[in-house]
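One-based numbering, in listed order, for ligands and for the atoms of each.
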Amino acid sequence: MSDTVQFAVHGAIAEAVIDNPPVNATSASVRQGLAEAIRRTEADPAIHALVVRCAGKTFIAGADIREFGKPLVEPGLPDVIAMMDRATKPIIAAVHGTVLGGGFEVALACHYRIALPDTKFGFPEVNLGIVPGAGGTQRTPRLAGLAAAIRLTTEGGPIDAAGALANGLIDAIAEGNLGIAAHVYAEALIAESKGPRSAGQLPMPADDPTLFEEARQTLSRKMRGQSAPLKILDAIRLGYDMDFDAALVRELELCRESIAGPQSRALRHLFAAEREVARVPDLPADAVARPIDRIGVIGLGVMGRGIVMAVASAGLPVMAVGLDRSHVDAAMQGITKLWASSVAKGSLTQEAVDKRLALITISDDPRDLAATQLVIEAVTEDRAIKQAVFATLGQMTQPGTILASNTSFLNIDALAEASGRAEDVCGMHFFNPAHVMRLLENVRAARTNPEVVATIMALGKRIGKLPVLSGVCDGFIVNRMLSKRSREAFFLVEEGASPALIDKVLLSYGFPMGPFALGDLAGLDVQAAARKARAASATERELRANFVEQMVAQGRLGQKTGSGWYIYDEKRKASPNPQTDAMIAAHAERHGLTLRAISEEEIRERLLYAMVNEGAKLLGEGIAARPQEIDIAMVNGLGWPNYTGGPMHWADGIGLDKLLARIERFRAEQGDAYWTPAPLLARHVAEGRGFYA
Ligand code: T1G
């Protein structure tokens, strides 16, 4: 038998138990073991039914992603599934944990399905850019109807056991021990002489072209640029165009094409990278996370409130400390209002909100932070103020209490010194809105204790974030790379590219919005303040491109005043702003600049290559340990389109030699100050390698 599938016979019932940690993926030995179990069941006249279940914490969570792109080891999953479908004795899937992708397809090909109550089912293939390839798009509509099938296969979200039962995807919910329940279920089938049944023999539900069209439109908007969701709709349609077996053959072809395509490669790269960044490469083995069960947040502005919400939402008590009573009250009102709107929308229950609110203790006295084990500082982004807060925190909290700054640009090493306990100090840089955005840049400062690093990486995950470790530098990973894009965007405007064209180029590359629409949304006053804070390190040309300051001086602050780069109507719909054109023309005139027509290609390359080059510098300086940190941070922090795999993966696809040649050309045109290639990039090109290999 196989080393991952145990076969046993108990009376008239055979059992195949898959044990292939960590997630019981259908690796080659599992497929072989299942095929063998079916053969033995069919061959032995004393066996009347077969139960398929899994050891460990979950039923099969899908095909084995690590086998993709390698030569197929027989039998393929569709072959095993066909054997199940055609078996002459009933096969019962007894499932628990997460029944995903190929695992869901195995279950659907079994003749009966029972599940523990907390089981979750789903087709996450779409998140990996893949069309399900083992019958998922054909059996699901036949069992659950068209609307449910479209939703499950194209959106990738889970359905719980109760939902699966209501939708006809499972037959029963089992209580107690799953193995025993499955045995009892199989005995009942045998007693009632219920034989095998195949979902493939059910008719397709009535066709509904409107449903397909609506899905197509929603997916084109929500998953803009991604090919898999639309291909999955095509795959479902096969059920109407040909018979079941032919549809399965075509579905498998679509699946294989999708796996071989660049989008799936990029999305699978991100899946692996996300897990990789959780493992900090150079942490000593004895650096264990400190226990954290009481967290403090000091500073209750927009960021502080979001952080309080994130912590309480994860079920952890939080001491929220504001400047004075009125600040604290305003913060709590803000938090309560945001959660109330979630209740109104139906995304949260009042009970859940009450639970979260009960976890928040408020105070205007930093001494109340004495009992916490970790404090996140989110006061005004001002060096003197933050240093004073760190000096206070150093005195008022116990040695060993971790002091984390949420600063975006200030030097954490300086804050660490101010605290008098540098080894306990680090950064935890959340993104706005902090209770929503998944990315968390954890920052290791010069003297941060490795235990502190281990603690904030673990804590980040516990509060539902995606923590990425960065070293100390101006802007860390995301904002430092973004600042190069902003610089190029302003320069391009000075040279003659319209803001609307620049936005369009980034939008069609796949970003959710361009830099100018983003500036209007964030507020140009906010951007002007950020530019002012960094003016000391800016070049003359960067200072000269002062469009934001010009607009602020005219009272044009973006969406909130109805005018910025664009004009906005009451519904905040943007249209071109003649004042912007006039401002750019006058600016050129004033500084004697000649405006030229700039191609979309140049715009795209200047904006994106400037970021990749900066990414290479981050790697060379060791601010980011690996390219994975950068790809994960940019996709989750800036909205770099996930189906490109992030800037570093994308750059590898272009070829670093080509990239370097363009950078050298921009250097000749624009000057060394902006386009000196990262030494690491030049080194990689000389060695003929990419960022990854
Ligand atoms: N194949 C191989 N390894 C996998 C894997 C898979 N499908 N899923 C997870 N792992 C590894 C993962 O890399 C990590 O390893 C470890 O398991 C624990 O994962 C024919 C074509 C199941 C909900 O997309 O959603 O089926 O990094 O850290 O939080 O139509 O993993 O520790 O070395 O995520 O408990 C469809 C993807 C495949 C499921 C568990 N299936 N996995 O979450 O742990 S395509 C998926 C998950 C397919 C068919 C098609 C989650 C999880 P390491 P983890 P977790």
Side-chain angles (χ1 to χ4, degrees), residues 4 18 20-31 34 54 56-70 72 75-82 84 95-109 118-140 149 152-160 228 231-232 235-236 248-261 263-265 267-281 438 457-458 460-462 464-467 626 628 632 642:
T4 52
I18 302 164
N20 184 30
V23 298
N24 289 317
T26 57
S27 319
S29 72
V30 170
R31 301 193 301 269
L34 279 176
C54 286
K57 64 174 188 174
T58 181
F59 191 71
I60 303 168
D64 189 339
I65 301 172
R66 293 163 306 184
E67 289 183 356
F68 292 174
K70 297 190 183 142
L72 175 75
L77 186 59
D79 303 329
V80 178
I81 280 185
M84 295 182 145
V95 305
H96 71 293
T98 44
V99 182
L100 302 178
F104 200 0
E105 291 174 306
V106 165
L108 295 180
D118 56 357
T119 309
K120 297 249 187 318
F121 303 80
F123 289 109
E125 284 93 333
V126 67
N127 302 323
L128 299 174
I130 297 175
V131 177
T137 68
Q138 299 306 306
R139 290 192 177 87
T140 314
L152 281 166
T153 55
T154 61
E155 294 177 10
I159 181 170
D160 61 15
K231 290 227 182 82
I232 292 171
I236 296 176
L248 288 186
V249 171
R250 184 65 194 127
E251 181 204 53
L252 180 59
E253 282 168 8
L254 288 174
C255 169
R256 291 201 171 129
E257 282 165 26
S258 64
I259 290 177
Q263 292 201 352
S264 175
R265 232 173 323 153
L267 291 164
R268 281 182 280 131
H269 151 67
L270 289 176
F271 180 86
E274 199 174 307
R275 281 148 187 83
E276 205 53 49
V277 299
R279 295 184 268 263
V280 177
R438 259 184 97 211
M457 292 304 286
K461 194 166 175 204
R462 215 166 130 206
K465 299 295 167 197
L466 176 47
R626 297 160 297 190
Q628 281 91 337
I632 291 296
N642 59 358

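- Relative ring orientation between Phe104 and Phe121 is described as tilted, the plane-to-plane angle lying within the 30° to 60° band.
- Counting all heavy atoms, side chain and backbone alike, Cys255 lies closest to Ile130 at SG-CG2, 4.2 Å.
- Shortest non-hydrogen contact noted between Pro467 and Val277 is O-CG2, 4.0 Å.
- The shortest side-chain heavy-atom distance between Val106 and Leu77 falls under the 4.5 Å cut-off.
- Within the 4.5 Å cutoff, the side chain of Arg265 has no heavy atoms near those of the Phe68 side chain.
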Using a 3.5 Å cut-off on N/O to N/O, what pairs does ligand 1 make with the protein? A line per pair would be great.
| from | atom 1 | to | atom 2 | distance (Å) |
| --- | --- | --- | --- | --- |
| ligand 1 | 1 (N) | Ala63 | O | 3.4 |
| ligand 1 | 1 (N) | Ile65 | N | 2.9 |
| ligand 1 | 7 (N) | Ala63 | O | 2.8 |
| ligand 1 | 26 (O) | Ala63 | N | 2.8 |
| ligand 1 | 26 (O) | Gly102 | N | 2.9 |
| ligand 1 | 27 (O) | Arg279 | NH2 | 3.1 |
| ligand 1 | 30 (O) | Glu105 | OE1 | 2.7 |
| ligand 1 | 30 (O) | Glu125 | OE2 | 2.8 |
| ligand 1 | 30 (O) | Gly133 | N | 3.0 |
| ligand 1 | 34 (O) | Arg275 | NE | 2.8 |
| ligand 1 | 34 (O) | Arg275 | NH2 | 2.9 |
| ligand 1 | 35 (O) | Lys57 | NZ | 3.0 |
| ligand 1 | 41 (N) | Ala61 | O | 3.0 |

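- Between Glu253 and Arg250 there is a salt bridge, since at least one side-chain N of the basic residue sits less than 4.0 Å from a carboxylate O of the acidic one.
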